[in-house]
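Following: one structure in C-alpha cells, then a few remarks.
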Amino acid sequence: GAEGYLVGQPHKGLQAMFVMMNTARLAVGIQGHALSERAYQNALRYARERLQSRSLSGAKFPDKPADPIIVQPDVRRMLLAQKALVEGGRMLSLAAYAQLDIANRSPDAAERERADILVGFLTPICKACLTEWSIENTYNAIQCFGGHGYIAEHGIEQLARDARITTLYEGTTGIQSLDLIGRKTAATQGAGIKLFLADMEAFAKQHENDPALAEFLGPLRAKCEEWGQLTIATVMRGMGNPEELGAASTDYLFYSGYVALACWWVRAVAAANASDRPQAFKDAKRETARFYFAR
C-alpha cells in the first residue's frame with residue numbers, strides 16, 4: 001500500500017541514478033585500493049622481519065640465525081607485484097578524481113565536458129580493476145605470511161575477506177565491463193578512449209627525446225595503438241552481433257586497465273626523474289616500472 005512519487009522526468013530515472021552510482025563506484029575502487037595498500041605494507045614489514053632459511057645464493061645476513069624471507073626471489077616477486085599495482089592504482093584513481101574535480105568545478109564549459117567524458121570512461125576501469133587487484137594483492141600478502149596469513153593474529157585474512165566483496169559492491173566486475181564497452185565506448189564512438197590516448201600521445205611526444213624514458217615509450221606506444229585497434233574491432237563485431245560485446249567485455253576491461261596503468265607508470269618515472277627526491281626513490285620508481293612492463 002505504499003505510495004510512490006515521481007522525482008524528475010519519466011523514464012529518466014536510470015540517468016539520475018548513475019550520477020550517484022558513478023561517484024559510489026569510484027569510492028568502492030578506493031576501498032579496494034586501501035585494502036591493497038594495507039596488505040602490502042604488512043607483507044613488506046613481515047618479509048623484512050621473518051627469519052627463515054637462507055638465500056639461494058648464500059647467506060645475506062650471516063650474523064643472524066637465518067635470512068629474512070625478503071631475500072627469496074619468489075617473495076620479492078609477490079611484493080613487487082603488490083607495489084606495482086598499489087602505487088600504480090593510486091595514480092590511476094587520483095587521475096580519475098582529478099577529472100571529476102575539473103568536471104564539477106572548472107569555469108570552462110568545454111573543459112568540464114572533456115573531463116566528464118574522461119571520468120566516465122575511467123570510472124568502470126577504476127572500480128573493477130582496483131577491486132579485482134585488491135583480491136590479487138591480499139592473496140599475495142597472505143602468501144608472504146604463509147600459514148600466519150590465514151589466522152586472525154595478523155589480520156591479513158580479514159583484508160582478503162573484505163577485498164572480496166568490493167568486486168560486488170555497486171555493480172559486479174561484469175557490470176563494469178559492460179558499462180565500459182557499451183555505454184562508455186560503443187555508444188559514444190569511443191569518445192573516452194580517444195581523449196585518453198590523445199593525452200598519452202601528447203605526453204610521449206613531449207618526452208620522446210628523454211633518454212630516461214626511452215625504454216618505456218616504444219612499448220607503451222605499441223600497446224596504446226593496439227588498444228585503439230582492439231577497441232574498433234570489438235565494437236565492429238558487436239554491431240553485427242551484440243552478444244560479442246558481452247563476451248569480450250571483461251577481457252577488454254582488464255586490457256584497458258593494464259594499459260592505462262602502464263601509462264601512469266611511465267608518467268611516474270618522468271615525475272620522479274624531474275623531482276628533487278633522493279636517487280633511491282627515483283631508482284625504485286624506475287625498477288618498479290620495469291617490473292610492471294616485464295610482467
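Note: hydrogens, waters and symmetry copies are ignored here, and every other heavy atom, side chains too, is used.
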>> Which residues pass the side-chain hydrogen bond (donor to acceptor under 3.5 Å, both in side chains) test with Asp74, not counting sequence neighbours?
In response: Arg77

Just list the side-chain donor-acceptor pairs under 3.5 Å for residues 139-155, sequence neighbours left out, or say none.
from: His148; atom 1: ND1; to: Tyr46; atom 2: OH; distance (Å): 2.9

> Is there a donor-acceptor pair under 3.5 Å between the side chain of Arg48 and the backbone N or O of Ile70?
Replying inline: no

>> Test of understanding: with side chain to side chain contact (heavy atoms under 4.5 Å, CB included), list the residues that count as partners of Ala128, not counting sequence neighbours.
In response: Thr173, Gln176, Leu253

>> Do Arg38 and Gln41 pair up side chain to side chain, a donor and an acceptor below 3.5 Å, judged on atom types alone?
In response: no

>> Holding to ring-ring contact (aromatic ring centres under 6.0 Å, His included), I want the full list of residues that pass it with Tyr40, two or more places apart in sequence or in another chain.
In response: none

> Which heavy-atom pair separates Pro68 from Leu51 by the least distance, and what is that distance?
Replying inline: N-CD2, 3.6 Å

>> Which residues pass the salt bridge (charged side-chain N to carboxylate O under 4.0 Å, His left out) test with Glu244, not counting sequence neighbours?
In response: Arg237

> Are Arg90 and Glu87 within salt-bridge range, i.e. N to O under 4.0 Å?
Replying inline: no

>> Would you say Leu35 ends up clustered with Tyr169 if hydrophobic residues are merged whenever their side chains have heavy atoms under 4.5 Å apart, either directly or through other cluster members?
In response: no

> side chain to side chain contact (heavy atoms under 4.5 Å, CB included) with Ala59: which residues, sequence neighbours excluded?
Replying inline: Arg54, Pro62, Asp67

> Is it true that Glu132 and Arg164 have a side-chain N and a carboxylate O under 4.0 angstrom from each other?
Replying inline: no

>> Tell me which pairs pass side chain to side chain donor-acceptor pair (under 3.5 Å) where either residue lies in residues 270-282, with sequence neighbours left out.
In response: Gln279-Asp283

>> So which atom in Ile181 and which in Ser249 form the shortest heavy-atom distance, rounded to 0.1 Å?
In response: CG2-CB, 3.7 Å

>> Taking salt bridge (Lys or Arg N to Asp or Glu O under 4.0 Å) as the cut-off, I'd like each qualifying pair that reaches into residues 199-209, sequence neighbours left out, listed once.
In response: Arg114-Asp199, Glu201-Arg221, Glu208-Arg221

> Between the main-chain N or O of Leu122 and the side-chain N or O of Lys127, is there a donor-acceptor pair closer than 3.5 Å?
Replying inline: no

> Does Thr172 use its side chain to pair, donor to acceptor, with the backbone of Leu168 at less than 3.5 Å?
Replying inline: no

Side-chain donor/acceptor pairs under 3.5 Å, residues 256-268, sequence neighbours excluded:
from: Ser256; atom 1: OG; to: Trp227; atom 2: NE1; distance (Å): 2.9
from: Ser256; atom 1: OG; to: Tyr252; atom 2: O; distance (Å): 2.8
from: Tyr258; atom 1: OH; to: Trp133; atom 2: NE1; distance (Å): 3.4
from: Trp265; atom 1: NE1; to: Ala84; atom 2: O; distance (Å): 3.0

>> Under a 3.5 Å distance rule, please check whether Arg50 uses its side chain to pair with a backbone N or O of Ile69 as donor and acceptor.
In response: no

> Okay, side chain of Thr185, backbone of Leu180: is any donor-acceptor separation there less than 3.5 Å?
Replying inline: yes

> Quick one: salt bridge (charged side-chain N to carboxylate O under 4.0 Å, His left out) partners of Arg183, sequence neighbours excluded?
Replying inline: Asp179

> Does Arg161 CZ have over 12 foreign heavy atoms under 6.0 Å away?
Replying inline: yes

> More than 12 non-hydrogen atoms from neighbouring residues, nucleotides or ligands closer than 6.0 Å to CE on Met17, yes or no?
Replying inline: yes

>> What I want to check is whether the side chains of Tyr255 and Glu226 have a donor and an acceptor closer together than 3.5 Å.
In response: yes

> Nearest heavy-atom pair of Met200 and Cys224: which atoms, and what distance?
Replying inline: CG-SG, 4.0 Å

> Listed by chain and number, what are the ring-ring contact (aromatic ring centres under 6.0 Å, His included) partners of Phe203, not counting sequence neighbours?
Replying inline: His207

>> Take a 6.0 Å sphere around CD of Glu243 and say whether it holds more than 12 heavy atoms from other residues, nucleotides or ligands.
In response: no

>> Under the ring-ring contact (aromatic ring centres under 6.0 Å, His included) definition, can you give me all pairs with a residue in residues 53-108, not counting sequence neighbours?
In response: none

